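Since we're looking at a predicted model, the values are computed, not measured. Heavy-atom basis, side chains included; hydrogens, waters and symmetry copies ignored.
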Amino acid sequence: MGTKELIFERVIKKEEEGTYFPVEFQVPEHVEELELSYAYTRFEQREYDNGETVKTEVNIVDLGVCAAGNRYIGSSGSDRTHIVISPYGSSQGFAPSEIEPGTWSVIAGAYKSKEGGCRVEYRVVFHLKQRKLYRGDTHIHTIGSDGNLSLEELALTARKEELDYVVITDHNNYAQNHQLPHMEGLTMIPGCEWTHYMGHAGILGAKRPFDNPFCVNSRQEMERKFAEAREQGAIVVLNHPFCPSCGWRWGMEETEYNLVEVWNGATPAAVNRKCLDWWDGKLKEGMRIPVIGGSDFHRLEYGRMPASPCTCLYSWSRTEKDLMEAMAAGHGFVVYGPEGPMASGHAGGKIFGDVISPEEEVHFHFWKLRTGDEIRLISDKGEEVFEVGSCVTEFRCSHKMQGLKYLRAEIKRRGIPAGEMPALLTNPFYIKGEEA
């Protein structure tokens with residue numbers, strides 16, 4: 001993680017004693033964590049001729065912090081001279097907070113200042129965001145609907161699987177979104193699964209996606225319900241759309257959505273394969289449809305765990321905002337489980353899900369491979385296949401984009417529970433100029 005540092009001073013005059021005032025500083029963009037420390041001469045020491053030493057407190061400066069827009073973060077008096085502020089958890093006395101760019105301020109509390117003033121030096125270290133790979137599950141149920149784990153039990157299970165995020169999607173219920181526990185290392189994202197006789201849809205990223213009941217009795221009411229959810233910041237995912245019992249019967253082409261759940265852990269592999277083939281056909285037509293996978297986890301039982309499959313996202317941070325943006329942009333891939341193979345792809349600073357120039361060359365990196373794995377680079381022009389040899393665990397290759405509409409990757413692996421599905425599938429690179 002890269003850093004930037006800012007040092008500034010403020011002299012507190014004797015006549016300012018007993019007051020509070022802001023000391024402003026600028027926070028740049030793309031900061032994930034902020035460290036703030038300050039120093040001043042709090043004590044003066046005097047030695048007398050008789051050998052006695054007297055230490056006198058001459059200055060006391062309290063600390064508080066406001067974010068951009070004068071949003072109060074917290075304070076710690078004068079007991080601490082170093083604090084950390086981040087969206088995952090801040091020092092005691094300070095609220096967890098995303099580090100938004102703009103004018104922040106230290107609240108200087110001049111409790112005591114000596115004659116001649118007190119010079120205070122402030123030091124701020126900005127820990128900058130860097131795009132990383134985060135593993136998680138986009139489709140999970142709890143005792144808030146028909147699951148058998150509480151939110152706390154689910155969080156513990158997710159961390160044991162070394163997941164970085166989970167999206168809670170109880171059926172037609174979002175009360176649990178206001179009770180999400182804090183678990184170190186895990187981002188719990190609010191959501192719900194809008195469940196109807198005509199199909200299911202994930203409403204992800206909004207605590208309260210709609211005010212009125214979930215019930216609708218017509219396409220027009222469904223469309224209004226989804227529009228309301230989007231106004232609340234949610235993204236809409238068509239879940240297991242080809243499932244024979246609860247597939248999407250409103251019509252894929254006639255529905256406005258953000259993502260398709262191309263791989264559902266509770267749906268037979270042949271049905272998931274049908275969705276994957278449908279998606280690839282739409283890519284050949286020039287459409288751009290980001291995809292994710294979700295376990296549709298309900299209860300701990302043989303062969304059923306969260307993140308089976310697992311959606312891996314390249315995100316600027318583990319915050320809900322950055323993860324949801326990465327998901328909506330297709331910045332990632334789906335793999336049969338968090339222990340499965342991994343992939344990255346880049347072209348001129350762009351990654352999976354991005355639109356690139358036809359002159360670009362895409363560079364792929366695959367790791368956690370096994371002997372016999374098949375790596376497939378898939379485009380509208382066909383496939384290029386590489387077989388992983390004995391003892392090979394990593395593989396790199398490149399492919400030119402000239403003449404293609406899209407390019408994506410899959411890994412085939414024998415002996416895994418994915419059935420007809422690949423072990424891994426990525427979102428595509430798209431060619432600039434092709435119609436979406």
I'd like to know whether CZ of Phe21 has more than 12 heavy-atom contacts from other residues, nucleotides or ligands below 6.0 angstrom. yes
Parallel under 30°, tilted from 30 to 60°, perpendicular over 60°: which one fits the rings of Tyr122 and Tyr38? parallel
Is there a donor-acceptor pair under 3.5 Å between the side chain of Ser75 and the backbone N or O of Gly77? no
Can a donor-acceptor pair be found, under 3.5 Å and without considering hydrogens, that links the side chain of Arg80 to the backbone of Gln92? yes
Would you sort out whether Asp354 and His331 count as a side chain to side chain donor-acceptor pair (under 3.5 Å), showing the intermediate values? CA-CA 8 Å; Asp354 285 339; His331 286 164; 2.7 Å; yes
So does Glu162 have more than 12 non-hydrogen atoms from other groups sitting under 6.0 Å from CD? no
State, with a plain yes or no, whether a side-chain heavy atom of Leu34 is found less than 4.5 Å away from one of Val124. yes
Which class fits the ring pair Trp104 and Phe25: parallel under 30°, tilted 30 to 60°, perpendicular over 60°? tilted
Glu193 and Asn239 side chains, donor-acceptor separation under 3.5 Å: yes
If you round to the nearest 0.5 Å, how far is OH of Tyr165 from CE of Met188? 13.5 Å
Side chains of His298 and Asn148, donor plus acceptor under 3.5 Å: no
Check: Phe352 ring centroid to Phe429 ring centroid under 6.0 Å: yes
Indicate yes or no: at least one non-hydrogen side-chain atom of Val260 is less than 4.5 angstrom from one of Trp248. no
With side chains defined as the heavy atoms from C-beta onward, is the minimum distance between Leu407 and Tyr430 less than 4.5 Å? no
Do we get Lys225 above Phe210's six-membered ring, with its NZ or CZ under 6.0 Å from the centre and within 45° of the axis? yes
Going by heavy atoms in the side chains, are His139 and Asn264 under 4.5 Å from each other? yes
Please check if atom NZ in Lys381 has more than 12 non-hydrogen atoms from other residues, nucleotides or ligands closer than 6.0 Å. no
When you compare the side chain of Glu360 with that of Lys350, does any pair of heavy atoms fall below 4.5 Å? no
The reported gap from SG in Cys312 to CG in Asp164 (rounded to nearest 0.5 angstrom) is 9.0 Å
Within the side chain of Arg408, is there an N or O that forms a donor-acceptor pair under 3.5 Å with the backbone of Arg376? no
Hey, is CD on Glu184 packed in by over 12 heavy atoms from elsewhere, all under 6.0 Å? no
Any side-chain donor near an acceptor of the partner, His82 and Ser37, under 3.5 Å: no
Could you pull out the closest heavy-atom pair between Ser315 and Tyr134, with the gap in Å? O-CE1, 3.5 Å
Closest contact, heavy atoms only, Asp170 versus Ser145: OD1-OG, 2.7 Å
Pairwise side-chain contact, Leu128 with Thr3, heavy-atom cut-off 4.5 Å (strictly under): no
Using the side-chain contact (heavy atoms from CB on, under 4.5 Å) rule, take Val271 and His240 through it: C-alpha gap first, then chi angles, then the decisive distance, then the call. CA-CA 8 Å; Val271 177; His240 42 71; over 6 Å; no
Distance-only side-chain donor-acceptor flag, Tyr88 / Glu32, under 3.5 Å: yes
Is Leu313 close to Asp322 at the side-chain level, that is, under 4.5 Å between some pair of heavy atoms? no
If I take atom OG1 from residue Thr195 and atom CG from residue Asn173, how far apart are they, to the nearest 0.5 angstrom? 10.0 Å
Whether the side chain of Asp137 engages the backbone of Pro306 through a donor-acceptor N/O pair (distance < 3.5 Å, no angle test) should be reported. no
Here the gap from Thr157 atom OG1 to Phe297 atom CZ, rounded to the nearest 0.5 Å, amounts to 6.5 Å
Please check if the side chain of Arg273 supplies one atom and the backbone of Asp277 the other of a donor-acceptor pair under 3.5 Å. no
Under 3.5 Å, is there a donor-acceptor pair between the side chain of His127 and the main chain of Val31? no
Do the side chain of Asn172 and the main chain of Phe214 share a donor and acceptor less than 3.5 angstrom apart? no
Charged N to carboxylate O under 4.0 angstrom, Lys321 versus Glu98? no
How about Lys274: does its NZ atom have over 12 heavy atoms from other parts shown lying under 6.0 Å from it? no
Looking just at side-chain N and O atoms, do His363 and Ser398 make a donor-acceptor pair shorter than 3.5 Å? yes
Residues Gln176 and Thr142: side-chain donor-acceptor under 3.5 angstrom: no
Would Thr393 and Trp367 satisfy side chain to side chain donor-acceptor pair (under 3.5 Å), going step by step from the backbone distance to the final call? CA-CA 6 Å; Thr393 60; Trp367 64 100; over 6 Å; no
Tell me whether Arg304 contacts the main-chain N or O of Asp296 through its side chain, where contact means a donor paired with an acceptor under 3.5 Å. yes
Can you confirm whether more than 12 heavy atoms, excluding those of Glu5, are under 6.0 Å from its CD atom? yes
Intermediate values then yes/no, side-chain contact (heavy atoms from CB on, under 4.5 Å), Ile235 and Leu259: CA-CA 8 Å; Ile235 60 176; Leu259 300 163; 3.6 Å; yes
As an exercise, state the distance from NE2 of His200 to OG1 of Thr169, rounded to the nearest 0.5 Å. 11.0 Å
With no hydrogens and no angle check, is any side-chain donor or acceptor of Thr138 less than 3.5 Å from a backbone partner on Gly293? yes
Side-chain donor or acceptor of Ser295 paired with backbone N/O of Gly265 under 3.5 Å: no
Taking atom CD of Glu29 as the centre, report whether more than 12 heavy atoms of other residues, nucleotides or ligands fall under 6.0 Å from it. no
Show the numbers, then the answer: is there a salt bridge (Lys or Arg N to Asp or Glu O under 4.0 Å) between Glu253 and Lys282? CA-CA 10 Å; Glu253 281 70 25; Lys282 293 302 176 183; 2.9 Å; yes
Contact summary for Leu283 and Lys405, nearest pair of heavy atoms: O-CD, 4.3 Å
Tell me whether the rings of Tyr314 and Phe333 are parallel (<30°), tilted (30 to 60°) or perpendicular (>60°). tilted
Audit row: Glu394, His365, side chain to side chain donor-acceptor pair (under 3.5 Å) steps and yes/no: CA-CA 7 Å; Glu394 290 191 49; His365 177 207; 2.7 Å; yes
Scanning both residues in full, the closest heavy-atom pair of Tyr336 with Arg413 reads OH-NH1, 3.4 Å
Do Val106 and Leu36 have side-chain heavy atoms sitting under 4.5 Å apart? yes
Closest non-hydrogen atoms of Gly353 and Asn427, given as atom of the first, atom of the second and distance, are N-CB, 4.2 Å
Please find the pair of heavy atoms, one from Gly294 and one from Pro309, that lie closest to each other, and give the distance. O-CD, 3.5 Å
Which distance, rounded to the nearest 0.5 Å, do you find between the CE of Met305 and the CG of Leu300? 6.0 Å
Judged by modelled atom types alone, do Thr311 and Arg135 share a side-chain donor-acceptor pair under 3.5 Å? no
